[in-house]
Every structure is written in structure tokens, then in C-alpha cells.
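Below is one structure, written out as C-alpha cells; the observations come after it.
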There are 2 protein chains.
Amino acid sequence: MERTRVTIEDVAAAAGVSVATVSRALRGLPNVAMSTRAHISAVASDLHYVADPMATRLATGRSRTIGCVVPLLGGWYFAQVVAGVEAVCAEAGFDLIVQSAGSAERLSDLANDAPTLQRRVDGLVMVDYALTDDNVAAFRTAGIEVVSVGAATGGFCTVGIDDAAVGEMAAQHLIELGHARIGLIGSTRTEPFRFAVPELRASGFRIALANAGIDHDPHLFADGNFSVGGGAEAMTSLLAMSSPPTAVFALSDEMAFGARRAAERAGLDIPGDISLLGVDDHELAALFDLTTVAQDPSAVGVSAARQLIARVDSEHNDDVHVVDRVVLPTRLVERGTTGPVHSA
Amino acid sequence: MERTRVTIEDVAAAAGVSVATVSRALRGLPNVAMSTRAHISAVASDLHYVADPMATRLATGRSRTIGCVVPLLGGWYFAQVVAGVEAVCAEAGFDLIVQSAGSAERLSDLANDAPTLQRRVDGLVMVDYALTDDNVAAFRTAGIEVVSVGAATGGFCTVGIDDAAVGEMAAQHLIELGHARIGLIGSTRTEPFRFAVPELRASGFRIALANAGIDHDPHLFADGNFSVGGGAEAMTSLLAMSSPPTAVFALSDEMAFGARRAAERAGLDIPGDISLLGVDDHELAALFDLTTVAQDPSAVGVSAARQLIARVDSEHNDDVHVVDRVVLPTRLVERGTTGPVHSA
DNA sequence: TTGAAAGCGCTAACAG
DNA sequence: CTGTTAGCGCTTTCAA
């Protein structure tokens, strides 16, 4: 068990060359004789030499680390995204720092910390945030590369799905089944996360209805706060209406789970009495036999991380087509919670 | 927008003192005149000076970063643990690096990387791993502080729950309801995660049965692989027995969800025909009205992170009682899936 | 193709 | 109480 670190100087001495040559040789830089390179490599592995990351980082100014900021660790969606980001980092040899910022204040703290952040990470994946101009300016002047996940913000590269299309697909499916009175379970919260998402999905949904000549009763909306419990409450309030909907579109599967339970508790048959449709294809959606518009959040994380790493690391420049916006596919997964409208 | 970093030298020059004094003053070290300290602080914040983390890390050899290694990012349990760890890191001013290692090979890769890992993190939280002697040796000789989550391994500080007690509580509850033929849905996988957990829970369960004078039919076991689908299959096979159980204990809520669905599909009433009990108190357990033995994985993460940080950072030495083993509470949450046995 | 030497920005003895 | 001076370990001109 060696007690002292073996440094580049040790290798240089043992190989009978200068540290500069060792540095070049080991990093595969040009202008090193084949023989010297081989010799140095041998000596280095012999000594179990590995370059000290901190020294390298200080000298180069790059950390081979990216950060991923999410509103909430531990939620299904965010956990999937982070998993995707991590997978890419692991394969690219990057470290991944995760931070959660669940409020606009915490987000600003982070932005104010941009100067030191810049030294700790080469870039940031910001998941589902609405960045203020100040936030954006802070990251920009600190020189931190940012890729955003979700709706576009701050003029950064954005990867996500087409949320309006999600709403359209949902509406379309329900319309085809003959539904006209369709309830919507969404959210009116805009701080700090998923800000534009509910509105985008809802608007796509409304547009599709309008295109079909159906005018949507704005009262058929209930706030489910993107939670299971909220979904249940929302469904309950929808069912309490004098003229309840024949179908309900929940903007997330978790809200749909709650909604389903509430409907069952109310003695309703699904889809006999009321159809239900969610978004996500959560891992438990199949179990609930929930029809849903599927997305793949881990693929979003993968794509975002690739875009980011391609921008900050010249070695990975060509791993991916660097673009300003990548839109990942969604698709309707028909299961058992939607069916033809029951004519009264 | 300043283009060049402001260094400690700039501050020293502007304040008319030496860099050493600036360093001491800003870090709150003793032996600095009150007046000088105040002056330096003023100048520093005036210049928006912040110490470069990388330079500090190289000079001190400490990174104020901890790592968290999990078998699988994106699973409910692990996401909760990571969330707890992150919360503590954020409040202690530590960065958190997350890595997933889903196989024994990836785990060994990580251990082999211990020398550079040691420079990048001050310590590691290893979640639900069975560390080999080689792994342990690698971390030890690299001087990486480790706290393990789950069952004890490698002689490191361990934080977790009493899994045997979990099994006992479950058995006890079912016994009190009069059940004697109780099925067990568990897992026989041991690599690389949750290794000892299923066995510990199962053994506690069996011991409680034995103490109650019930001899447990070993055929009443089915492998659910800790997944929803696996739980469903396991339940199906249990129900296919010539003499099926009157109650089933699933070693995790997710398996219980699947089991519940399978039972319902088979036309059985819960708890009328068969009782069902899980472990975790997953966020969706209430929705399924599932009786379960609750644990709080994010609290586990919090506790583990505190133990680790107290060990690696003298400033946080007293934040927590440093011990070798912390056991967090679990409790039975009675809901609607368990009921008295139906005498035939 | 290789080496010498000047950083990168901070900390930590050691003097004074 | 404060300043001087070596490092920390690697990268990167600039010469040779």
C-alpha cells in the first residue's frame, strides 16, 4: 500500500524524460516519438500513475463535470431524466453533480453562485425551469454552457417533447371515441417548474377540440397540482358538476391515478361511465390499465446530456448533431381506461 | 461584465495586505486584527471576489464533495435516498456527485478508480451494495471515507432500518388477523443490490411465524424480483397452488401493487378472499389502499449523509452523533388490504 | 521531438 | 498580527 501519491514527476524521473513529455505522451498529444510514448506508458502503468483530477482542472480550467439541476429530486419524472443524464456522463467520463432547487429563490441562489459554479462544472442541464432574465445573464456572463429540458427558456439549447402535440393527441383520441364534454385536470402553478408545460398541453388540447367544432366548456377544468392526491380531488370536483364530463384528460399519469381512484370511489365504471387519459406512461400506468400519451424522460436526459457534452468537450464534438432544439417523440398508448362515449 | 477572474492577489493588492492575510481573514481563521478583517471583507465583496474551488481543492486536498453510488437511478427507493443525501449536502455546502453502478463489474470499476475518486470526493455513500473484500480494500487504501446504506458491509458505518423487524411486524399483523397460510413474495437475486434485504425480511417473517407456533410451508414462496410485473407473476403462481395462501406478504410495495392486480384479475376480493401486505409505504400505496410496513428512505439518505459529512469535515463534527450503525424506525400502516382470515 | 520554466489560484508553514 | 515563500500536480508556451 503506497502511502504517497505518485505524481507526474515520479513518472518523468523513472522514465528518464521531462514532465512535459510525460504529459504529452499520456494524453495522446502529437509530437512524441512512438518509442518514447510506449516507454512512458509502460512506466506509468507500472507505477499505477493516474493524473490528479484537481491539478488538471486547475491547470486547464475545465472540470469534466456537468451539473444537473432539478426542481425536485425523488419525483418519478425527474429521477428518470437524471438517470438519462447520468448514463451519458458515465460513458463520456464526466462527473455529474446534481442539485435540487425547488423554489425561485433557490434557483437565484444558484445563479448568484455562477462564478464558482463555472469552476466546478463545464455546463448545466436545467430541468423544467422558467429562467428569469437575471438567471440567464448570470449563467451567460459566468460562461456556463446551459442546456434546458422542457420548454425553451433563456435562448439556450432545449430538448423536450412537443407538449402541444401531446394535448392534441389526447383530444383527438377522445374525439374519435365520440366524446365532446371532456374534463381537463391540469395545474395553474407556474413556479418554478414545468411552468409552460401544463399550458402548452392544455392549449394543444383546446385547439384540437376547436378544430373538431367542439367548443370546450372552460368550467370543465380542475387543478390537480401534478400530484396523485390533487388528481383525486380534481376528479371529485369534476364529477360534482351538474353536467359532468364523459371523459377526462389528466395532464400527467400521477394525476390520472388519483382521478381513477376518485371515480371508482364514486361508483363509476371506467371506461363505461367515464373515460380517462393521462400523460407520461409512468411505470405504473400499465398496472392501472391507463390509456396515456407516452414520453420517455430518460431519453430526454440522454439527449440533453449529449448536447451539453458535445458543446463543452471538443472530443465529443461529433457525438451528436449540435442543434438548438431537439424534440423527442410521444405516442398514444391505448389501454383500458378510454372507450366510446355512452350516449345518454 | 469583468472578463478576467479576480484572484486573491487582486484582493490583497487592493486591500494593501498580503495574500496570506486575505486567505486567513476570509476563512475566519484566528490571528487577524478585527479591523483588517473587516477591511479585507469589504474589499473582497467589493471586487466580487470568491475563492476558486479548484485551487482550494488542489491546495488542501479536500474537495467538499461527496459521492453517492446507487444500483439504479430512477427507481423510487433510490431516488428518495439520493434526495435525502442531496438535501444535506446542499445545506452543508457540499457538492454531490451521483453515480449508478448496476452490476458487480461496474462496482469494481468504481473501486479500481478509487485513487482518482479520492481526489474528487471526500467520501462516499454506497446504497444497498454487497461490497467484496477487494472493493473494501480499494476504498480503504485510497483513504475514502464510506458510509453504507442498507445492510452492513465492509465494516463501514451503516444506516438503515431493521429489516428483520419489518418481517416480524408483517407476520405479527397477519397472525393477529388469524392467518396461518401466508404466502411470501420476495427475491432471490443477490447481485449487486439489496443483497441481504430480502433474506433479512424473510427470516424475520419466518421467525415470527415459528414463535407463534405456525410452521411455514416453504412452497408458499414466489420470486417477484422487486418489480411490479414480477409481483403480479408471483401472485399468480401463488394462487395457482392446490392450497393457496389466505394472505400474502410482499417484500416491497411495488411487488404488492402487481400482486394486487393479479389477485383482482383472478376475481378475488381483497381482503375478503386474500389479504395483502407490502413494505415501503410507496407514494402510491395509499392510493392502492395497501397495508404496509412503512420506512422513510429519504430520512435514510439524510442520516447517511450527515454521518459521512461529520466524518470528513471538522466543521460538521458535532452536527450529529457519529456512530457505527444507525437504525431508523419503521411502522405498520394499516389500510384496507388486510383483514381477518376467512374460515373455509 | 524534447526540455525548462512559468503559470493555474490558493494554502500553510515559518519568520518576523 | 502579518508577510514571505514554498508548495499542491498538472499544462503550456517558448526555446533548443
Side-chain angles (χ1 to χ4, degrees), chain A residues 2-41 43-44 47-64 115-116 118-120 122 143 313-315, chain B residues 2-41 43-44 47-64 115-116 118-120 122 143 313-315:
Chain A
E2 42 266 75
R3 275 296 58 182
T4 65
R5 264 195 98 63
V6 16
T7 76
I8 196 173
E9 297 210 49
D10 299 328
V11 178
V17 296
S18 74
V19 295
T21 304
V22 174
S23 179
R24 294 188 199 104
L26 261 25
R27 284 182 303 152
L29 295 188
N31 296 329
V32 180
M34 281 240 292
S35 57
T36 346
R37 196 188 297 273
H39 178 221
I40 292 177
S41 301
V43 173
L47 265 40
H48 299 298
Y49 168 75
V50 204
D52 182 322
M54 290 312 167
T56 303
R57 290 170 188 193
L58 178 58
T60 61
R62 263 189 261 61
S63 55
R64 291 194 75 76
T116 80
Q118 190 277 329
R119 301 292 285 178
R120 293 177 294 158
D122 292 338
D313 186 11
S314 52
E315 280 181 37
Chain B
E2 44 266 75
R3 275 294 59 181
T4 65
R5 264 195 97 63
V6 16
T7 75
I8 197 173
E9 297 209 47
D10 299 328
V11 178
V17 296
S18 74
V19 295
T21 304
V22 174
S23 179
R24 293 189 201 102
L26 261 26
R27 285 183 301 154
L29 295 187
N31 296 329
V32 180
M34 281 241 291
S35 56
T36 347
R37 195 188 299 272
H39 178 222
I40 291 176
S41 300
V43 172
L47 265 40
H48 299 298
Y49 169 75
V50 204
D52 183 321
M54 289 313 165
T56 303
R57 290 170 188 193
L58 178 58
T60 61
R62 263 188 260 63
S63 55
R64 292 194 74 78
T116 80
Q118 190 277 329
R119 302 292 285 178
R120 293 177 295 158
D122 292 339
D313 186 11
S314 52
E315 281 182 35

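Lettering follows sequence order; numbering is per chain, from 1. Values in this document were obtained by computation on a predicted structure and should not be read as measured data.
- In this structure, B:Thr7 does not reach the C:dG9 phosphate: none of its side-chain N or O atoms is under 4.0 Å from OP1 or OP2.
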Look for any protein N or O under 3.5 Å of an N or O in nucleotides 12-16 of chain C and output each such pair with its distance, or none.
from, atom 1, to, atom 2, distance (Å)
C:dA12, OP2, B:Arg27, NH1, 3.1

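- When each of D:dG3, D:dG9, D:dC10 is scored by its nearest atom to the side-chain atoms of B:Thr21, the top-ranked nucleotide is D:dG3.
- Rounded to whole Å, the distance from CZ on B:Arg57 to P on C:dT11 is 12 Å.
- Among the heavy atoms of the strands lying under 4.0 Å from A:Asn31 is at least one base atom, whether or not backbone atoms are also near.
- Closest non-hydrogen pair, B:Tyr49 versus B:Thr7, comes out as CE1-C, 3.5 Å.
- Looking at which nucleotide of DNA chain D each of B:Ala33 and B:Leu58 is closest to, the 5′-most match is held by B:Ala33.
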Exercise. Evaluate side-chain contact (heavy atoms from CB on, under 4.5 Å) for A:Leu58 paired with A:Arg119, printing each intermediate quantity in order.
Key: CA-CA 9 Å; A:Leu58 178 58; A:Arg119 301 292 285 178; 4.1 Å; yes
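- For the pair A:His39 NE2 and C:dT2 P, the interatomic distance rounds to 12 Å; values are reported in whole Å.
- The shortest side-chain heavy-atom distance between A:Arg120 and B:Arg64 does not fall under the 4.5 Å cut-off.
- In the helix from C:dT1-D:dA16 to C:dG16-D:dC1, the end axes, each obtained as the rotation axis mapping the C1' atoms of four pairs onto the next four within a five-pair block, lie 40° apart to the nearest 10 degrees.
- One interatomic measurement links the two molecules: CG of A:Asp52 to C1' of D:dC10, which rounds to 8 Å at whole-angstrom precision.
- A side-chain donor-acceptor contact under 3.5 Å links A:Thr60 to the backbone of A:Thr56.
- Annotation for A:Val43 and A:Ala15: closest pair CG2-CB, 4.0 Å, computed over non-hydrogen atoms.
- As a whole-Å value, the separation of B:Gln118 CD from D:dG9 P is 11 Å.
- One interatomic measurement links the two molecules: OH of B:Tyr49 to C1' of C:dC10, which rounds to 7 Å at whole-angstrom precision.
- Between the side chain of A:Arg37 and the backbone N or O of A:Leu29 there is at least one donor-acceptor pair closer than 3.5 Å.
- Rounded to a whole Å, the CG atom of B:Leu26 is 14 Å from the C1' atom of C:dG9.
- B:Ile40 has its side chain within reach of B:Leu26: a pair of non-hydrogen atoms, C-beta onward, lies under 4.5 Å apart.
- In terms of heavy-atom proximity, B:Thr36 sits nearest to B:Val17 at CG2-CG1, 4.2 Å.
- Taking atom CD1 of residue B:Ile40 and atom P of nucleotide D:dT2, one finds them 7 Å apart after rounding to whole Å.
- Distance A:Ile8 CD1 to C:dG3 P: 12 Å, rounded to the nearest Å.
- A:Gln118 has its side chain out of reach of B:Asp52: every pair of non-hydrogen atoms, C-beta onward, lies at least 4.5 Å apart.
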